Amino acid sequence: MVAQLVKAPVYQQLNDLLRELIASGEFKTGERFLTERQVAERFEVSRATANKALSNLVSERLLEFRKGLGTFVKAGGLDVDLGLLVSFTARAAARGKAPSTKVLNLTKRAAAEVQPMVAQSLGVKGQDQLIEMHRLRSADGVPVIWERRFVVARHCPSLDAKTASGSLYTLWTQKYKLRLSGAEQTIRAVAATTETAALLKIKRGAPCLVVTAVGFLTNDEPLWWEETVYRGDVYEFRNRLGGRGNTAALDLA
């Protein structure tokens with residue numbers, strides 16, 4: 001049964017219908033997608049509207065245009081909006097992917113035992129307790145993020161490997177009633193090391209993005225420090241300048 005377009009604007013409806021078509025699995029990753037003519041005929045729209053919709057899905061990285069060959073279904077990417085604090089779980093789910101987290105290790109350490117830069121960023125010293133965790137984040141079973149994070153233990157004293165395998169964002173905001181204000185972060189491009197490549201199942205030297213960040217509570221008290229590696233072939237970072245707040249987007253949960 002052919003889906004019918006019944007409301008304006010037509011191109012926006014067509015975008016939604018084509019996204020649903022891609023998510024349905026009718027066209028597998030890497031397969032050639034409908035042509036402009038086929039879209040126009042199948043959904044009873046003009047060629048111009050079909051072209052606009054296909055171009056939009058290419059810009060969203062759901063489709064990929066190959067010169068002289070056509071448009072193909074692309075392996076779904078994950079984007080990070082630098083103007084919003086959004087969890088990894090929510091972002092992956094919005095893309096129709098099943099998120100999962102593997103805790104590689106989790107230990108408690110005194111501030112005196114960690115890098116001075118980390119302790120200073122978190123405003124701790126001496127025997128102040130920190131929770132160090134290393135986590136591997138996956139979407140549909142594909143590892144996409146490796147993170148090393150230090151959390152100020154007094155804010156979430158019962159945090160352990162089991163709870164860290166779930167949503168930190170949900171844990172902090174719902175169980176511990178913490179109010180997060182955002183983060184200060186730096187982003188740089190790097191080549192995957194041998195260790196990172198093995199964890200993320202990519203080739204050594206493959207492009208990655210590294211985010212180093214400090215997250216804050218609403219009273220400007222630091223809560224976490226992290227260094228997170230994102231697969232460059234899966235993630236892209238975007239931002240809009242002007243007219244929005246400064247809260248940073250980080251994959252918390």
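Position 1 is the first residue of the sequence; numbering continues from there. The shown structure was predicted, so the numbers you read here are calculated from the model rather than taken from an experiment.
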| message | More than 12 heavy atoms of other residues, nucleotides or ligands under 6.0 Å from CD of Q120: yes or no? | response | no
| How many angstroms lie between NZ in K52 and OG in S46, if you round to the nearest 0.5 Å? | 10.0 Å
| query | Would you call R42 and E26 a salt bridge, taking side-chain N to carboxylate O under 4.0 Å as the test? | reply | yes
| remark: Sorted by chain and residue number, the side chain to side chain contact (heavy atoms under 4.5 Å, CB included) partners of A53 (sequence neighbours excluded) come out as L14, N15, L18
| message | Looking at E64 and R32, is any side-chain nitrogen of the basic one under 4.0 Å from a carboxylate oxygen of the acidic one? | response | no
| query | Does K177 use its side chain to pair, donor to acceptor, with the backbone of Q174 at less than 3.5 Å? | reply | yes
| Side chain T163, main chain L159, donor-acceptor under 3.5 Å | no
| note | When rounded to the nearest 0.5 Å, the distance separating CZ of R137 from CD1 of I145 is 6.0 Å
| request: Return yes if some donor-acceptor pair links the side-chain N/O of R135 with the main-chain N/O of T101 below 3.5 Å, else return no. | output: no
| Under a single-linkage definition using a 4.5 Å side-chain heavy-atom cutoff for Ile, Leu, Val, Met, Phe, Trp and Tyr, are V58 and F43 assigned to the same hydrophobic cluster? | yes
| field | ILVMFWY cluster, L171 and W224 together (side-chain gap under 4.5 Å) | value | yes
| remark: Between the OG1 atom in T71 and the CZ atom in F33, the distance rounded to the nearest 0.5 Å is 8.5 Å
| Shortest non-hydrogen contact from P143 toward S138 | CA-OG, 3.4 Å
| For the rings on W172 and H155, is their centre-to-centre separation under 6.0 Å? | no
| field | Modelled atom types, side-chain donor and acceptor of S158 and K175, under 3.5 Å | value | yes
| said: As an exercise, state the distance from CZ of R179 to CG of L217, rounded to the nearest 0.5 Å. | reply: 10.0 Å
| remark: Distance col, row C208:SG vs D233:CG, nearest 0.5 angstrom, shows 8.0 Å
| If two hydrophobic side chains count as joined below 4.5 Å and joins carry through other members, does V234 share a cluster with L200? | no
| message | Would R66 pass as a cation-pi partner of F72, given that its NZ or CZ must be under 6.0 Å from the six-membered ring centre and within 45 degrees of the axis? | response | yes
| Is a side-chain donor or acceptor of S165 paired with a backbone partner of K162 at a separation under 3.5 angstrom? | yes
| task | Starting at CG of L106, measure out to NE2 of H134 and round the result to the nearest 0.5 Å. | result | 9.5 Å
| said: Applying a strict under-4.5 Å side-chain criterion to I, L, V, M, F, W and Y, I'd like to know whether V144 and I187 cluster together. | reply: yes
| task | Decide side chain to side chain contact (heavy atoms under 4.5 Å, CB included) for T218 and L180; before the verdict, give the C-alpha distance in whole Å, the side-chain angles of both, and the deciding distance to 0.1 Å. | result | CA-CA 6 Å; T218 52; L180 310 180; over 6 Å; no
What donor-acceptor contacts under 3.5 angstrom involve side-chain atoms of residues 107-119, with partners at least two apart or in another chain?
| from | atom 1 | to | atom 2 | distance (Å) |
| --- | --- | --- | --- | --- |
| K108 | NZ | P157 | O | 3.4 |
| R109 | NH1 | E132 | OE1 | 2.7 |
| R109 | NH2 | E113 | O | 2.6 |
| E113 | OE1 | A110 | N | 3.3 |
| Q115 | OE1 | R148 | NH1 | 3.2 |
| Q115 | OE1 | R148 | NH2 | 3.4 |

| message | Can you tell me if R204 has over 12 outside heavy atoms packed within less than 6.0 Å of its CZ? | response | no
| note | Partner of W225 under side chain to side chain contact (heavy atoms under 4.5 Å, CB included), picked from V151, L130, T212, is T212
| message | With clusters defined by side-chain heavy atoms of hydrophobic residues (ILVMFWY) lying less than 4.5 Å apart, directly or transitively, does V10 cluster with L34? | response | yes
| Which residue, I202, L209, T196, forms the side chain to side chain contact (heavy atoms under 4.5 Å, CB included) with R231? | I202
